[in-house]
Amino acid sequence: MTEKLSYRFGRNEKLKSRKAIEQLFARGKSFNLFPYRIVWQFTNETGALKAGVSAGSRHFKKATDRNRIKRLSREVYRINKHKLYNQLIVENKGMHVFFLYQGKELPDYIFLKEKMEAAINKLVKLCNEKRETNS
RNA sequence: UCUAUCAGCCGGCUAUCGCUUUAUUCUUAGGAAUAGAGAGGAAAGUCCGGACAGCAAAGGGCAACAUACCGGUUAACAGCCGGCUUUUUGGCAAAACCAAAAAAGAGACAGUGCCACAGAAAAUAACUAUCCCGUUACAUUCGGGAAAAAGGUGAAAACGUGAGGUAAGAGCUCACGGCAACUAUUGGUAACAAUACUUGCGGGUAAACCUUAUGUGCUGUAAUGCCACGUAAACCAGCGUUUGAGGGCGGCUCGUCCGAGUUGGAGGGUAGGCAGCUAGAUUUUAGCAGUAAUGCUAAGGCAAGAUAAAUGAUAGCCACCCCGAUUAUUUCGGGGCAACAGAAUCCGGCUUAUGGCUGAUAGAUUUU
RNA sequence: GGUCCUUUGGCCGAGUGGCUAGGCACAGCUCUGCAAAAGCUUUUACAGCGGUUCGAAUCCGCUAGGGACCU
């Protein structure tokens, strides 16, 4: 039953507040997983998983290309985020995540899908480690 | 078949999942269900022009900026349409003429500046050479005078050709021709064109400064108005309270208005929401006016509104295109599904980027 | 979204419309047993297109790239 809900990616699950984003970049932790750089941070609200996506205008000058990357990234995140969500429910925590596209070429769907799965797995793993060290 | 110009179009359906928004209903302020809508010709560049909003009123002058043949069009324009003139190219041996293209196309008889190299000289004019007179046996040299023609250069050189004239020469005079200006007449709304008369012929550059004429108040939807939240109405320093600090959104100044605070430092807080915000100088067709741009009338159609920023992903089928097999149609298999590109207040233009298909026109080539 | 500025060799940087200075770097030579330093020599440029002009790095227009400011 939660499977059906988990494919949604609505307004409340996007990082919108400018303040929250600034805090995330100031205090959050990060790791690189090509082509993404992932910035993340725990929050206290249970099950509040918020995410954002960006593609810099340094490598992609045209707005069309940037839109394309952001759309594909959002789509791929939407399909794969349920693992992370379930893990957070178990952990009783929330999380802010930001995906920065760092590559220099336009990706395709299959490539991004593989990379996003790997990234989500790594985030889930990080959750586990955190619990172990905490407890 | 190719090239150029103009006009139009660029996928459709199904399934699964998803985004933004509108209406209704439900639940309750978080949302859910149903139905509908959801990106271009350039949405881009921000190069022009407006609408709209604010600045007390939107005032004078200077400065600054823009425009610059004429007429029309428009809400407005540096846009568009038509005409004039000039230049270039082609047709022709050349001119006239025709066709096409381009023009930031006012003024160089207001003034200032610049014109490298070469050349006597790049504009008052000077120099060389020429001629005459004096000196001298003659010539040279030297002194005085004449006139402004000749001087190889250069992108550009003092109206051109011929004749007369003269000591030698010279638009000095004459004939033919060229150019410019004034005036008159005719045609044209006008720019301008043609003709006649008179006068005069010493260059270019205004996309150098500039002059003249005309226009522009400035800032821009992150404008502006409202609501909510929060801090420090505190601290230090300067100036000032009618002897007026400071301010009134580009600069200076005049005028005028507000006026008790204001400027800087260090530091603190907030960075949320609503309106503006999408239905209009709109578009298609027909008729009328006009050479045209465009305008008027009638009927119909259309109509995104996000804010870390929506319009997407996957799979399949059809349509379309390409390639291969097959005897043409057909059928089968494989591939592609397009280029340039993504609204951010809205319009009218301009510029730039652009693949494919269809139609029209023009040109070229081949075949009949 | 809006308002402006700028572009000259590999790098920095000057340049009234008339042959694009200079410095560093690179390369070669001299010097040295070898290098460094020093000296000499050479190569490589006006962002692109179009216009005005006899002639554009310069003036004008368009395009491209880079940068700054407004919050």
Side-chain angles (χ1 to χ4, degrees):
Chain A
M1 58 175 191
T2 48
E3 288 292 316
K4 204 170 183 180
L5 279 175
S6 67
Y7 288 117
R8 288 184 168 278
F9 186 46
R11 171 173 278 190
N12 290 326
E13 297 183 34
K14 290 179 186 166
L15 263 178
K16 293 221 172 201
S17 159
R18 182 185 295 262
K19 202 175 176 183
I21 291 167
E22 278 177 10
Q23 202 179 26
L24 174 61
F25 277 98
R27 299 184 192 164
K29 301 181 179 179
S30 69
F31 61 89
N32 286 330
L33 194 145
F34 185 82
Y36 287 114
R37 174 178 176 84
I38 295 157
V39 184
W40 60 279
Q41 185 187 24
F42 283 118
T43 59
N44 291 326
E45 297 176 72
T46 305
L49 174 61
K50 293 194 173 192
V53 152
S54 91
S57 58
R58 178 176 292 178
H59 295 304
F60 300 96
K61 203 163 272 180
K62 297 173 192 165
T64 314
D65 296 339
R66 269 179 272 135
N67 276 344
R68 174 92 188 147
I69 288 166
K70 288 196 279 189
R71 278 168 184 163
L72 283 175
S73 301
R74 239 182 268 127
E75 176 69 15
V76 142
Y77 171 77
R78 184 179 68 79
I79 299 294
N80 291 298
K81 68 170 181 162
H82 59 275
K83 275 188 214 164
L84 184 57
Y85 183 77
N86 289 338
Q87 186 66 34
L88 284 170
I89 292 287
V90 172
E91 300 286 331
N92 219 6
K93 286 203 167 186
M95 187 184 261
H96 287 174
V97 197
F98 214 94
F99 297 90
L100 298 162
Y101 189 83
Q102 301 264 295
K104 293 179 182 174
E105 291 170 0
L106 267 179
D108 60 348
Y109 179 75
I110 296 169
F111 175 73
L112 282 187
K113 194 175 170 184
E114 290 172 5
K115 294 299 177 183
M116 182 55 78
E117 282 171 359
I120 293 288
N121 284 336
K122 183 152 186 181
L123 279 173
V124 169
K125 203 174 162 188
L126 281 168
C127 287
N128 286 330
E129 283 172 9
K130 194 88 175 182
R131 181 178 54 175
E132 282 160 14
T133 52
N134 277 4
S135 58

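Residue numbering restarts at 1 for every chain, and letters A, B, ... go by the order of the sequence lines. Keep in mind that the numbers below use all heavy atoms, side chains included, and drop hydrogens, waters and symmetry copies. Computed from a prediction, not measured in an experiment: that's the story for all the values here.
For A/Asp65 and B/rG342, the CG to P distance is 8 Å, given to the nearest whole Å. Regarding A/Arg66, its CZ atom lies at a distance of 12 Å from the P atom of B/rA310, rounded to whole Å. Atom P of nucleotide B/rA309 and atom NZ of A/Lys70 are separated by 7 Å, given to the nearest angstrom. Remark: C1' of B/rU314 and CD1 of A/Ile79 are 8 Å apart, rounded to the nearest angstrom. Atom-to-atom, CG of A/Asn80 to C1' of B/rC17 comes out at 13 Å; the value is rounded to the nearest Å. Atom pair A/Glu75:CD and B/rA315:P shows a separation of 12 Å (rounding to whole Å applied). The separation between A/Lys113 atom NZ and B/rA313 atom P is 14 Å, rounded to whole Å. Rounded to an integer number of Å, the gap from A/Arg68 CZ to B/rC340 P is 14 Å.
C/rC49 is paired with C/rG61 under the criterion used here, namely a Watson-Crick or G-U wobble arrangement in which both key atom distances are under 3.5 Å. B/rA53 is paired with B/rU219 under the Watson-Crick or G-U wobble criterion, all donor-acceptor distances under 3.5 Å. Pair check for B/rU285 finds B/rA298; Watson-Crick or G-U wobble, both atom distances under 3.5 Å. In a base pair of the Watson-Crick type (N1 to N3 plus N6-O4 or O6-N4) or a G-U wobble (N1-O2 and O6-N3), with each distance short of 3.5 Å, B/rC92 is matched with no nucleotide. Within the shown strands, B/rU351 is the pairing partner of B/rA44 under the Watson-Crick or G-U definition, both distances less than 3.5 Å. Remark: B/rC239 base-pairs with B/rG261. Criterion, Watson-Crick or G-U wobble with two distances under 3.5 Å.
Going from atom CG of A/Leu123 over to atom CE of A/Met95 covers 5.0 Å, rounded to the nearest 0.5 Å.
Of the P atoms belonging to B/rA110 and B/rG143, the separation is 44 Å, rounded to the nearest Å. Rounded to the nearest Å, the gap between the C1' atom of B/rC13 and that of B/rA343 is 28 Å. Distance noted for atom P between B/rG316 and B/rU27: 45 Å (whole Å). Comparing the same atom, C1', in B/rC174 and in B/rA208 gives a spacing of 46 Å after rounding to whole Å. Rounded to a whole angstrom, the distance from the C1' atom of B/rC10 to that of B/rU354 is 14 Å. With P as the reference atom, B/rU331 and B/rA309 are 49 Å apart, rounded to whole Å. The same atom, C1', is picked in C/rA21 and in B/rG119; the two are 30 Å apart, to the nearest Å. Straight-line distance between the P atoms of B/rC114 and B/rG151: roughly 29 Å, to the nearest whole Å.
Here A/Tyr36 pairs with A/Ser73 under the side chain to side chain donor-acceptor pair (under 3.5 Å) rule; sequence neighbours left out. Every residue two or more places apart in sequence or in another chain that forms a side chain to side chain donor-acceptor pair (under 3.5 Å) with A/Glu75 is listed here: A/Arg78. Residues satisfying the side-chain contact (heavy atoms from CB on, under 4.5 Å) test with A/Asn67, not counting sequence neighbours, are A/Lys70, A/Arg71. The side-chain contact (heavy atoms from CB on, under 4.5 Å) check on A/Arg37 picks up A/Ser30, A/Asn32, A/Leu100, A/Gln102, with sequence neighbours excluded. In this structure, A/Arg68 has no side chain to side chain donor-acceptor pair (under 3.5 Å) partners at least two apart in sequence or on a different chain.
Applying the 90° criterion around 0 to the glycosidic angle, B/rG165 comes out anti. Glycosidic conformation of B/rA306: anti, with the torsion beyond 90° of 0. Applying the 90° criterion around 0 to the glycosidic angle, B/rG171 comes out syn.
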Is there any protein nitrogen or oxygen under 3.5 Å from a nitrogen or oxygen in nucleotides 30-33 of chain B, and what are the pairs?
residue : atom : partner : partner atom : Å
B/rG30  : O3'  : A/Asn12 : ND2          : 3.3
B/rG31  : OP1  : A/Asn12 : ND2          : 2.7

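Distance from the side chain of A/Arg74 is smallest for B/rU311 among the nucleotides B/rG312, B/rA308, B/rU311.
Each of A/Leu72 and A/Ala51 lies near RNA chain B, and the nucleotide nearest A/Ala51 is the one positioned closer to the 5' end. Along RNA chain B, the nucleotide closest to A/Val53 and the one closest to A/Asn67 are compared, and the more 5′ of them pairs with A/Val53.
No hydrogens or angles were tested; on distance alone, a donor-acceptor pair under 3.5 Å links the side chain of A/Arg78 to the base of B/rC17.
Contact record, A/Asn80 with A/Val76: ND2-O, 2.9 Å, taken as the closest heavy-atom pair. Heavy atoms only, all atoms of each residue included: A/Gln87 and A/Val124 are closest at OE1-CG1, 3.8 Å. Between A/Ile120 and A/Lys83, the shortest heavy-atom distance links the atoms CG2-CB, 4.1 Å.
Neither OP1 nor OP2 of B/rG342 sits under 4.0 Å from any side-chain N or O of A/Arg71.
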